[in-house]
Amino acid sequence: MHPVSISFQPFTATPAGNFPSRTTNVRSRRDFVKLPTVERSSGYRAMNSGPNSASRSEMTGEQDYAVGENDGVIIVDHGSRRQESNLMLNDFVTMFRARTGYRIVEPAHMELAEPTIKEAFGKCVQQGASRIIVSPYFLSPGRHWKQDIPSLAAEASKEHSNVAYIVTAPLGLHELMVDIMNDRIKYCLRHVAGDADECAVCAGTGKCHLYS
(Lines give C-alpha, C1' and ligand atoms only; values in the text may rest on other atoms or scores of the structure.)
Protein backbone atom coordinates (compact mmCIF):
# COMPACT_ATOMS: atom_id res chain seq x y z
CA MET A 1 0.00 0.00 0.00
CA HIS A 2 1.19 3.48 -0.81
CA PRO A 3 0.09 6.95 0.36
CA VAL A 4 -1.48 9.16 -2.29
CA SER A 5 -0.33 12.75 -2.77
CA ILE A 6 -2.29 15.23 -4.83
CA SER A 7 -1.88 18.92 -5.56
CA PHE A 8 -4.48 21.19 -3.95
CA GLN A 9 -5.42 24.81 -4.37
CA PRO A 10 -7.56 26.17 -1.51
CA PHE A 11 -11.06 27.54 -1.86
CA THR A 12 -11.26 31.28 -2.41
CA ALA A 13 -14.59 32.92 -1.75
CA THR A 14 -15.55 35.39 -4.44
CA PRO A 15 -16.69 38.77 -3.11
CA ALA A 16 -20.26 39.70 -3.98
CA GLY A 17 -19.06 42.65 -6.03
CA ASN A 18 -17.18 40.27 -8.31
CA PHE A 19 -20.01 37.75 -8.64
CA PRO A 20 -21.05 38.66 -12.21
CA SER A 21 -17.52 38.17 -13.52
CA ARG A 22 -17.59 34.49 -12.42
CA THR A 23 -13.83 34.30 -11.94
CA THR A 24 -12.10 30.99 -11.31
CA ASN A 25 -8.83 32.43 -9.99
CA VAL A 26 -7.44 31.40 -6.63
CA ARG A 27 -5.15 33.37 -4.36
CA SER A 28 -2.37 30.96 -3.63
CA ARG A 29 -1.06 27.42 -3.91
CA ARG A 30 -0.83 25.01 -1.01
CA ASP A 31 1.75 22.29 -0.48
CA PHE A 32 0.88 18.70 -1.23
CA VAL A 33 -1.68 17.17 1.11
CA LYS A 34 -1.00 13.52 1.95
CA LEU A 35 -4.13 11.39 2.08
CA PRO A 36 -4.70 8.24 4.15
CA THR A 37 -3.21 5.05 2.76
CA VAL A 38 -5.51 3.29 0.30
CA GLU A 39 -5.39 0.09 -1.68
CA ARG A 40 -4.11 0.29 -5.26
CA SER A 41 -7.60 -0.31 -6.55
CA SER A 42 -9.95 1.47 -8.94
CA GLY A 43 -10.32 4.23 -6.34
CA TYR A 44 -6.56 4.80 -6.30
CA ARG A 45 -6.37 4.90 -10.07
CA ALA A 46 -9.35 7.23 -10.32
CA MET A 47 -7.70 9.74 -7.98
CA ASN A 48 -4.52 9.60 -10.00
CA SER A 49 -6.19 9.77 -13.41
CA GLY A 50 -6.09 12.93 -15.44
CA PRO A 51 -5.44 14.36 -18.89
CA ASN A 52 -1.76 13.37 -18.72
CA SER A 53 -2.22 9.93 -17.17
CA ALA A 54 -1.97 7.98 -20.43
CA SER A 55 1.82 8.19 -20.55
CA ARG A 56 2.03 7.07 -16.91
CA SER A 57 -0.13 4.04 -17.69
CA GLU A 58 2.11 3.12 -20.61
CA MET A 59 5.18 3.36 -18.38
CA THR A 60 3.74 1.30 -15.52
CA GLY A 61 1.77 -1.15 -17.61
CA GLU A 62 -1.38 -0.39 -15.61
CA GLN A 63 -4.73 0.00 -17.30
CA ASP A 64 -5.72 3.63 -17.84
CA TYR A 65 -9.00 4.61 -16.19
CA ALA A 66 -8.84 8.30 -17.10
CA VAL A 67 -11.69 10.14 -18.78
CA GLY A 68 -11.11 9.96 -22.53
CA GLU A 69 -11.91 12.05 -25.58
CA ASN A 70 -15.15 10.15 -26.19
CA ASP A 71 -16.38 10.40 -22.61
CA GLY A 72 -18.96 12.93 -21.52
CA VAL A 73 -19.09 14.06 -17.89
CA ILE A 74 -22.35 15.34 -16.42
CA ILE A 75 -22.01 17.10 -13.08
CA VAL A 76 -25.44 17.11 -11.48
CA ASP A 77 -26.64 18.98 -8.40
CA HIS A 78 -30.07 19.07 -6.80
CA GLY A 79 -31.35 22.20 -8.49
CA SER A 80 -32.85 25.26 -6.84
CA ARG A 81 -35.56 27.86 -7.35
CA ARG A 82 -32.84 30.42 -6.54
CA GLN A 83 -31.14 31.23 -9.82
CA GLU A 84 -27.89 32.30 -8.16
CA SER A 85 -27.52 28.79 -6.73
CA ASN A 86 -28.05 27.20 -10.14
CA LEU A 87 -25.49 29.51 -11.73
CA MET A 88 -22.88 28.37 -9.23
CA LEU A 89 -23.01 24.91 -10.81
CA ASN A 90 -22.08 26.51 -14.12
CA ASP A 91 -19.12 28.16 -12.39
CA PHE A 92 -17.99 24.83 -10.98
CA VAL A 93 -18.32 23.09 -14.35
CA THR A 94 -16.21 25.84 -15.94
CA MET A 95 -13.50 25.34 -13.28
CA PHE A 96 -13.71 21.56 -13.56
CA ARG A 97 -13.35 21.61 -17.33
CA ALA A 98 -10.40 24.02 -17.17
CA ARG A 99 -8.56 22.12 -14.43
CA THR A 100 -9.08 18.62 -15.85
CA GLY A 101 -8.87 19.35 -19.57
CA TYR A 102 -11.82 17.03 -20.21
CA ARG A 103 -13.40 17.79 -23.57
CA ILE A 104 -17.08 17.19 -22.79
CA VAL A 105 -18.43 18.41 -19.45
CA GLU A 106 -22.03 19.52 -18.95
CA PRO A 107 -24.00 20.77 -15.92
CA ALA A 108 -27.38 19.31 -14.96
CA HIS A 109 -29.95 19.76 -12.21
CA MET A 110 -31.83 16.84 -10.74
CA GLU A 111 -35.00 18.91 -10.42
CA LEU A 112 -36.43 22.45 -10.20
CA ALA A 113 -34.16 23.89 -12.91
CA GLU A 114 -32.69 23.30 -16.35
CA PRO A 115 -30.69 21.79 -17.95
CA THR A 116 -32.03 18.45 -16.81
CA ILE A 117 -30.02 15.24 -16.75
CA LYS A 118 -31.79 14.19 -19.95
CA GLU A 119 -30.84 17.44 -21.69
CA ALA A 120 -27.23 17.23 -20.53
CA PHE A 121 -27.06 13.60 -21.65
CA GLY A 122 -28.20 14.62 -25.14
CA LYS A 123 -25.69 17.49 -25.31
CA CYS A 124 -22.85 15.10 -24.47
CA VAL A 125 -23.91 12.68 -27.19
CA GLN A 126 -24.17 15.53 -29.70
CA GLN A 127 -20.54 16.39 -28.94
CA GLY A 128 -19.44 12.84 -29.72
CA ALA A 129 -19.61 11.11 -26.35
CA SER A 130 -19.95 7.33 -26.52
CA ARG A 131 -19.86 6.92 -22.73
CA ILE A 132 -21.51 9.18 -20.15
CA ILE A 133 -20.20 9.67 -16.61
CA VAL A 134 -22.84 11.15 -14.31
CA SER A 135 -21.09 12.62 -11.29
CA PRO A 136 -23.37 13.80 -8.43
CA TYR A 137 -22.38 17.13 -6.91
CA PHE A 138 -23.68 15.84 -3.56
CA LEU A 139 -21.94 15.20 -0.26
CA SER A 140 -23.63 12.03 0.97
CA PRO A 141 -25.00 8.85 -0.64
CA GLY A 142 -28.65 9.50 0.20
CA ARG A 143 -31.88 8.74 -1.65
CA HIS A 144 -31.13 11.13 -4.51
CA TRP A 145 -27.91 9.23 -5.29
CA LYS A 146 -29.36 5.79 -4.66
CA GLN A 147 -32.68 6.20 -6.48
CA ASP A 148 -33.49 9.51 -8.15
CA ILE A 149 -30.36 10.24 -10.17
CA PRO A 150 -29.95 6.63 -11.43
CA SER A 151 -33.61 6.64 -12.46
CA LEU A 152 -33.25 9.91 -14.37
CA ALA A 153 -30.02 8.73 -15.99
CA ALA A 154 -31.67 5.49 -17.10
CA GLU A 155 -34.56 7.42 -18.59
CA ALA A 156 -32.16 9.72 -20.44
CA SER A 157 -30.22 6.77 -21.85
CA LYS A 158 -33.30 5.30 -23.53
CA GLU A 159 -32.89 7.70 -26.44
CA HIS A 160 -29.23 6.71 -26.84
CA SER A 161 -29.20 2.92 -26.60
CA ASN A 162 -25.65 2.67 -27.99
CA VAL A 163 -24.19 4.93 -25.26
CA ALA A 164 -23.03 3.37 -22.00
CA TYR A 165 -23.26 5.35 -18.76
CA ILE A 166 -22.30 5.20 -15.11
CA VAL A 167 -23.47 7.12 -12.04
CA THR A 168 -20.41 7.67 -9.84
CA ALA A 169 -20.28 7.99 -6.07
CA PRO A 170 -20.97 11.42 -4.54
CA LEU A 171 -18.22 13.50 -2.96
CA GLY A 172 -18.43 11.74 0.40
CA LEU A 173 -15.54 11.84 2.86
CA HIS A 174 -12.28 13.32 1.61
CA GLU A 175 -9.46 14.92 3.55
CA LEU A 176 -9.47 17.98 1.30
CA MET A 177 -13.06 18.73 2.36
CA VAL A 178 -11.63 19.73 5.73
CA ASP A 179 -9.54 22.46 4.10
CA ILE A 180 -12.50 23.67 2.04
CA MET A 181 -14.76 23.94 5.07
CA ASN A 182 -12.04 25.62 7.12
CA ASP A 183 -11.43 28.19 4.38
CA ARG A 184 -15.17 28.88 4.21
CA ILE A 185 -15.42 29.34 7.97
CA LYS A 186 -12.46 31.73 8.08
CA TYR A 187 -13.77 33.81 5.17
CA CYS A 188 -17.21 34.16 6.75
CA LEU A 189 -15.61 35.27 10.04
CA ARG A 190 -13.61 37.85 8.09
CA HIS A 191 -16.83 39.07 6.50
CA VAL A 192 -18.72 39.49 9.77
CA ALA A 193 -15.67 41.32 11.16
CA GLY A 194 -15.87 43.76 8.25
CA ASP A 195 -12.61 42.66 6.63
CA ALA A 196 -14.10 40.94 3.55
CA ASP A 197 -17.00 41.45 1.17
CA GLU A 198 -20.00 39.17 1.08
CA CYS A 199 -18.99 36.11 -0.94
CA ALA A 200 -20.68 34.73 -4.06
CA VAL A 201 -22.40 31.92 -2.15
CA CYS A 202 -24.71 34.23 -0.20
CA ALA A 203 -24.43 37.31 -2.40
CA GLY A 204 -27.35 39.67 -1.88
CA THR A 205 -28.93 37.66 0.92
CA GLY A 206 -27.44 39.47 3.92
CA LYS A 207 -27.59 36.21 5.85
CA CYS A 208 -23.92 36.01 6.77
CA HIS A 209 -23.82 37.92 10.07
CA LEU A 210 -23.61 37.27 13.79
CA TYR A 211 -26.91 36.62 15.56
CA SER A 212 -27.41 37.47 19.22
Side-chain angles (χ1 to χ4, degrees), residues 4 6-14 18-30 32-33 35 42-43 45-54 64-80 83-110 113-141 144-145 149 152-153 156 165-181 183-184 199-201:
V4 181
I6 66 176
S7 178
F8 170 65
Q9 289 185 341
F11 161 82
T12 302
T14 305
N18 295 334
F19 184 66
S21 67
R22 305 210 160 270
T23 179
T24 59
N25 292 332
V26 293
R27 288 193 301 264
S28 61
R29 184 178 182 87
R30 184 167 297 178
F32 285 96
V33 177
L35 301 178
S42 58
R45 297 186 184 99
M47 291 175 63
N48 285 272
S49 295
N52 298 320
S53 61
D64 183 13
Y65 294 104
V67 172
E69 282 292 305
N70 295 323
D71 288 326
V73 177
I74 298 174
I75 300 176
V76 54
D77 70 356
H78 184 280
S80 173
Q83 183 63 1
E84 290 84 356
S85 297
N86 296 325
L87 290 175
M88 289 195 71
L89 180 64
N90 295 344
D91 291 349
F92 179 77
V93 167
T94 297
M95 289 190 292
F96 184 87
R97 187 186 294 113
R99 292 284 296 273
T100 63
Y102 297 159
R103 186 173 70 88
I104 306 172
V105 186
E106 292 292 336
H109 306 289
M110 190 189 74
E114 295 181 346
T116 63
I117 292 176
K118 184 176 182 179
E119 290 169 337
F121 202 108
K123 288 181 180 178
C124 289
V125 174
Q126 289 173 6
Q127 295 173 71
S130 57
R131 181 174 67 171
I132 304 297
I133 302 162
V134 181
S135 184
Y137 194 37
F138 288 71
L139 283 177
S140 304
H144 291 322
W145 171 76
I149 293 176
L152 291 168
Y165 74 92
I166 179 176
V167 177
T168 71
L171 299 175
L173 293 176
H174 197 295
E175 189 169 298
L176 297 183
M177 299 295 284
V178 174
D179 298 277
I180 295 170
M181 178 166 284
D183 284 349
R184 169 63 68 196
C199 73
V201 175

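These numbers come from the heavy atoms of this one structure, side chains and all, not from hydrogens, waters or symmetry mates. Sequential numbering from 1 along the given sequence is applied to the chain's residues. The shown structure was predicted, so the numbers you read here are calculated from the model rather than taken from an experiment.
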So Phe92 and Tyr137, would you call those rings parallel, tilted or perpendicular, with 30° and 60° as cut-offs?
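Judged by the thresholds at 30° and 60°, the geometry between Phe92 and Tyr137 is parallel.
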
Might you point out which heavy atoms bring [X] and [Y] nearest each other, and give the distance in Å?
X: Asp71; Y: Ile104; result: O-CB, 3.6 Å
X: Arg103; Y: Glu69; result: NH2-O, 2.9 Å
X: Arg97; Y: Tyr102; result: CG-O, 3.5 Å
X: Ala169; Y: Pro136; result: O-CD, 4.0 Å
X: Cys124; Y: Ile132; result: CB-CD1, 3.4 Å
X: Val93; Y: Pro107; result: CG2-CB, 3.7 Å

Atom pair [atom1]/[atom2] of [X] and [Y] - distance to nearest 0.5 Å:
X: Ile166; Y: Thr168; atom1: CD1; atom2: OG1; value: 7.0 Å
X: Asn90; Y: Glu106; atom1: CG; atom2: CD; value: 9.5 Å
X: Arg99; Y: Thr94; atom1: CZ; atom2: OG1; value: 13.5 Å
X: Leu176; Y: His174; atom1: CG; atom2: NE2; value: 4.5 Å
X: His144; Y: Leu152; atom1: NE2; atom2: CG; value: 10.5 Å

Does the side chain of [Y] come within less than 4.5 Å of [X]'s, by heavy atoms?
X: Tyr165; Y: Ile133; value: no
X: Val201; Y: Arg184; value: yes
X: His78; Y: Ser85; value: no
X: Ile149; Y: Val76; value: yes

The side chain to side chain donor-acceptor pair (under 3.5 Å) partners of Asp77 (sequence neighbours excluded) come to His109

Can you run down the salt bridge (charged side-chain N to carboxylate O under 4.0 Å, His left out) pairs that involve residues 119-129, sequence neighbours left out, and say none if there aren't any?
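For residues 119-129: none.
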
Between Asn86 (side chain) and Ser80 (backbone), is there a donor-acceptor pair under 3.5 Å?
yes

Are the side chain of Trp145 and the backbone of Leu139 linked by a donor-acceptor contact shorter than 3.5 Å? no

task: Under the side-chain contact (heavy atoms from CB on, under 4.5 Å) rule, what do Phe96 and Val73 come out as? Steps first, then yes or no, please.
output: CA-CA 10 Å; Phe96 184 87; Val73 177; 4.2 Å; yes

ask   = Does atom CZ of Arg131 have more than 12 heavy-atom neighbours from other groups under 6.0 Å away?
value =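 Atom CZ in Arg131 is not packed in, count stays at 12 or less.
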
Could you walk me through whether Val105 and Ile75 satisfy the side-chain contact (heavy atoms from CB on, under 4.5 Å) test, starting with their C-alpha distance in whole Å, then the side-chain angles of each, then the deciding distance to 0.1 Å, before giving a yes or no? CA-CA 7 Å; Val105 186; Ile75 300 176; 4.0 Å; yes

